[in-house]
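Here the structure comes first, spelled out in structure tokens, and everything after it is commentary.
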Amino acid sequence: MSDVTFLKLLKQSVLAIANEASPYMAIVATTSLLSHHATSSRNSSTDVTAAFSGVQSGTSFVTGLFNFLIAVVMNHVGNAVGAKAWGEVGPRIRFSVFSTLLVGVVCCLLLLLLEDFILIDLLEYDEEALDLAHVYYKWRAFTVPAQLLLKVSTGVLAGLQMLRAFSFLNIGVAIAETSGIALALALWTSNDDTLKTAGEVSFAVNSAGSVAGLLLVFVNLPKRTTQENSEMRDPLLVSADNDNAAKKFSPLEFLKNSRDMLIRSLFLQSSVWSMSILASRLGSDILSAHHVALLLWMTTSYVIDGFADLGTMIGSKLLGEGDVKGFKKMTMLLVRMSLATGILCAATIALFRDSIIKILLANPTSTSTDALHALWPLLCLAQISNSLVFVYDGIMSGCSQFRFVRNVLVSGILFIFAPTLVFEYTIFPGYITLAGIWVSKCALNFWRAATSVYRIHCVVLKEYDKEYDKEDDDDDDDDDDDDDKEADKEDDDKDD
């Protein structure tokens with residue numbers, strides 16, 4: 001059984017947080033680079049930031065749909081590793097990689113076909129921002145297959161408990177992408193090619209990163225010993241023989257879990273993208289402010305998601321081993337760590353408001369600044385509820401609560417998020433603000449936090465406690481039976 005301690009989780013969380021935060025920090029740094037570089041060109045920093053934000057939100061909608069590639073793959077591979085069922089590891093990896101490659105190519109083609117619809121009909125860019133967006137959009141679409149392969153490689157490595165490997169992979173990609181864009185903007189581009197250069201560098205770096213990720217999967221595959229001989233073989237190259245207690249891999253079960261998480265991701269990404277669309281209708285200044293707010297909203301996410309990754313990675317392994325007590329202890333420790341982080345993030349954002357705005361927006365307009373000032377208190381308070389939402393998502397993935405996660409998100413969108421937006425636009429037409437849009441998102445996350453706490457502590461952990469007590473009783477009965485048999489044997493020996 002695994003020994004779960006605060007210090008061990010804390011040490012592992014450092015790499016996990018760096019892994020989750022690195023893509024976010026890359027976007028923050030790129031936003032600042034593009035905004036400041038645009039001040040010396042014919043394009044305003046507001047137009048460049050708006051074009052970057054809109055395209056980023058559109059392509060991120062697609063890649064975000066397939067975030068389940070990390071959680072579901074991590075869960076399935078982690079369960080097999082925990083049960084030491086090495087023959088079950090290979091089918092999970094093969095199916096994940098090949099299906100991801102197919103999905104990535106299809107998504108790229110769909111994005112290219114829908115380019116005009118997304119940029120013109122949905123985002124309604126003005127002429128200056130539209131020209132910039134078209135150039136950047138194509139490169140972001142080409143990058144999608146590589147990004148999805150990078151996600152599935154991360155999920156496999158996490159399931160194999162290779163925290164250091166997948167963390168350094170994603171950190172390296174983020175550093176290479178940001179530094180590459182900075183270098184290219186400084187040396188090899190005119191002021192009018194800002195977004196084109198950023199797109200080309202992103203494509204090259206993510207493509208190289210996806211190849212590196214697949215190589216890391218092969219290098220870090222566990223070895224297994226067959227019963228026939230002592231030859232060591234890669235589980236990726238052999239068929240499943242169910243050599244331990246793990247369930248035999250079922251593509252149908254994998255697809256069902258993926259379906260649940262895909263639906264969840266579809267509704268979640270739709271809510272985020274709809275906010276960007278509504279903000280774009282309020283003008284480029286408000287869209288730029290919305291992009292900054294979205295970055296700050298995710299501040300807690302990319303820290304807490306490190307804890308969530310541990311919840312999925314370690315949790316699935318603990319349950320594969322049958323270590324219920326370890327899973328329960330891990331849950332309580334991760335929740336406390338997440339809450340403390342959320343409170344710290346809220347205080348930091350509140351104290352350094354003006355400095356943060358200046359870093360992310362060069363020469364912001366008064367409209368952008370006023371919108372952010374009105375939204376700021378809400379962003380600060382949301383960090384606390386967000387900390388619970390994100391960590392419980394990871395914990396529930398670790399114990400395969402995929403359907404529940406889906407149902408909570410879908411019901412929250414349909415009965416809280418969407419009705420709140422409709423109410424605002426119906427009752428206050430013409431007076432909708434950026435803060436009003438974000439109120440709907442905060443209400444949704446409060447619902448997710450409350451239901452997650454109830455599900456884990458009032459349902460899942462109690463069920464595991466009952467199962468654990470039952471196993472203890474069964475073990476005691478077995479011990480008593482063994483004692484009775486030994487006593488009977490001794491009596492028979494005496495009689496003889």
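Computed from a predicted model, the values in this text were never measured in an experiment. Sequence positions, counted from 1, serve as the residue numbers for this chain. Basis for what follows: all heavy atoms, side chains included, without hydrogens, waters or symmetry-related copies.
- Put simply, the side chain of Met330 reaches to within 4.5 Å of the side chain of Leu318, judged on heavy atoms.
- Judged purely by atom type and a 3.5 angstrom limit, Ser265 has no side-chain atom pairing as donor or acceptor with the backbone of Leu262.
- The CD1 atom of Ile304 lies 11.5 Å from the CG atom of Asp309; values are rounded to the nearest 0.5 Å.
- Listed for the Gln12 side chain is no donor-acceptor partner under 3.5 Å among the backbone atoms of Leu10.
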I would like to know whether Trp297 and Asn445 meet side chain to side chain contact (heavy atoms under 4.5 Å, CB included); could you show each step before the answer?
-> CA-CA 11 Å; Trp297 173 268; Asn445 268 25; 3.3 Å; yes

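- A side-chain donor from one of Asn170 and Thr154 sits under 3.5 Å from a side-chain acceptor of the other.
- Panel note: side chain Asn206, backbone Ser202; a donor-acceptor pair is recorded below 3.5 Å.
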Determine, step by step, whether Ile395 and Val335 satisfy the side chain to side chain contact (heavy atoms under 4.5 Å, CB included) criterion, reporting the C-alpha distance in whole Å, the side-chain angles of both residues, the deciding distance to 0.1 Å, and the verdict.
-> CA-CA 9 Å; Ile395 293 170; Val335 169; 4.2 Å; yes

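- Nearest heavy-atom pair across Ala141 and Leu112 is CB-CD2, 3.8 Å.
- Residue Pro145 comes nearest to Gly104 through the heavy atom pair CG-O, 3.4 Å, listed as atom of the first residue, atom of the second, then distance.
- By the 4.5 Å heavy-atom criterion applied to side chains, Leu9 and Phe307 are not counted as neighbours.
- To the nearest 0.5 Å, atom CZ of residue Phe166 and atom OG of residue Ser153 are 12.0 Å apart.
- Between Ser274 and Ser271, the side chains place no donor N or O within less than 3.5 Å of an acceptor N or O (distance only, hydrogens not considered).
- Looking only at distances, no side-chain donor or acceptor of Glu177 sits under 3.5 Å from a matching main-chain atom of Ala204.
- Considering all non-hydrogen atoms of both residues, Val156 and Val77 come closest at O-CG1, 4.1 Å.
- In this structure, the side chains of Asp116 and His134 come closer than 4.5 Å at one or more pairs of heavy atoms.
- For the residue pair Val144 and Cys107, the shortest heavy atom distance occurs at CG1-CB, 4.0 Å.
- Here the side chains of Leu282 and Leu287 are not in contact, with every heavy-atom distance at 4.5 Å or above.
- In this structure, Trp447 places its CH2 atom where only 12 or fewer heavy-atom neighbours from other residues, nucleotides or ligands lie under 6.0 Å away.
- Contact annotation: the side chain of Phe98 never approaches that of Leu102 to less than 4.5 Å [non-hydrogen atoms, C-beta and beyond].
- Counting heavy atoms from C-beta outward, Thr59 and Thr143 have side chains that stay 4.5 Å or more apart.
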Could you give me the CA-CA distance, side-chain angles and deciding distance for Ser288 and Leu361, then say whether side chain to side chain contact (heavy atoms under 4.5 Å, CB included) is met?
-> CA-CA 8 Å; Ser288 297; Leu361 278 181; 4.3 Å; yes

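- Here the side chain of Glu115 pairs no donor or acceptor atom with the backbone of Leu111 at under 3.5 angstrom.
- Note: Leu214 CG to Leu101 CG = 9.0 Å, rounded to the nearest 0.5 Å.
- How far CG of Leu294 is from CG of Leu379: 9.5 Å, rounded to the nearest 0.5 Å.
- A donor-acceptor pair is defined here as one N or O able to donate and one able to accept, closer than 3.5 Å; such a pair exists between the side chain of Thr312 and the backbone of Gly394.
- At a threshold of 4.5 Å between non-hydrogen side-chain atoms, the residues Tyr137 and Ile118 count as touching.
- For the atom pair CG of Leu163 and OG of Ser13, the computed distance is 9.5 Å after rounding to the nearest 0.5 Å.
- Here the OG atom belonging to Ser22 is positioned 11.5 Å from the CZ atom belonging to Phe168, to the nearest 0.5 angstrom.
- Judged by distance alone, with hydrogens and angles left aside, the side-chain atoms of Thr451 form a donor-acceptor pair with the main-chain N or O of Arg448 at under 3.5 Å.
- Without hydrogens or angle criteria, Ser411 side chain to Val408 main chain gives a donor-acceptor distance under 3.5 Å.
- Residues Ser99 and Val152 fail the side-chain proximity criterion, which asks for heavy atoms closer than 4.5 Å.
- Atom CZ of Arg281 is surrounded by more than 12 heavy atoms from other residues, nucleotides or ligands within 6.0 Å.
- Heavy-atom minimum distance, Leu15 versus Arg164: CD1-CA, 3.9 Å.
- A perpendicular orientation is assigned to the rings of Phe52 and His291, their planes being inclined by more than 60° (bins at 30° and 60°).
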Trace of the side chain to side chain contact (heavy atoms under 4.5 Å, CB included) decision for Gln147 with Arg140 | CA-CA 10 Å; Gln147 288 181 305; Arg140 293 305 304 179; 3.1 Å; yes

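- Taking every heavy atom of both residues into account, Ile384 and Ala346 meet most closely at CG1-CB, 4.5 Å.
- In this structure, the side chain of Ser316 engages the main chain of Met313 through a donor-acceptor pair within 3.5 Å.
- At least one donor-acceptor pair under 3.5 Å links the side chain of Ser368 to the backbone N or O of Asp285.
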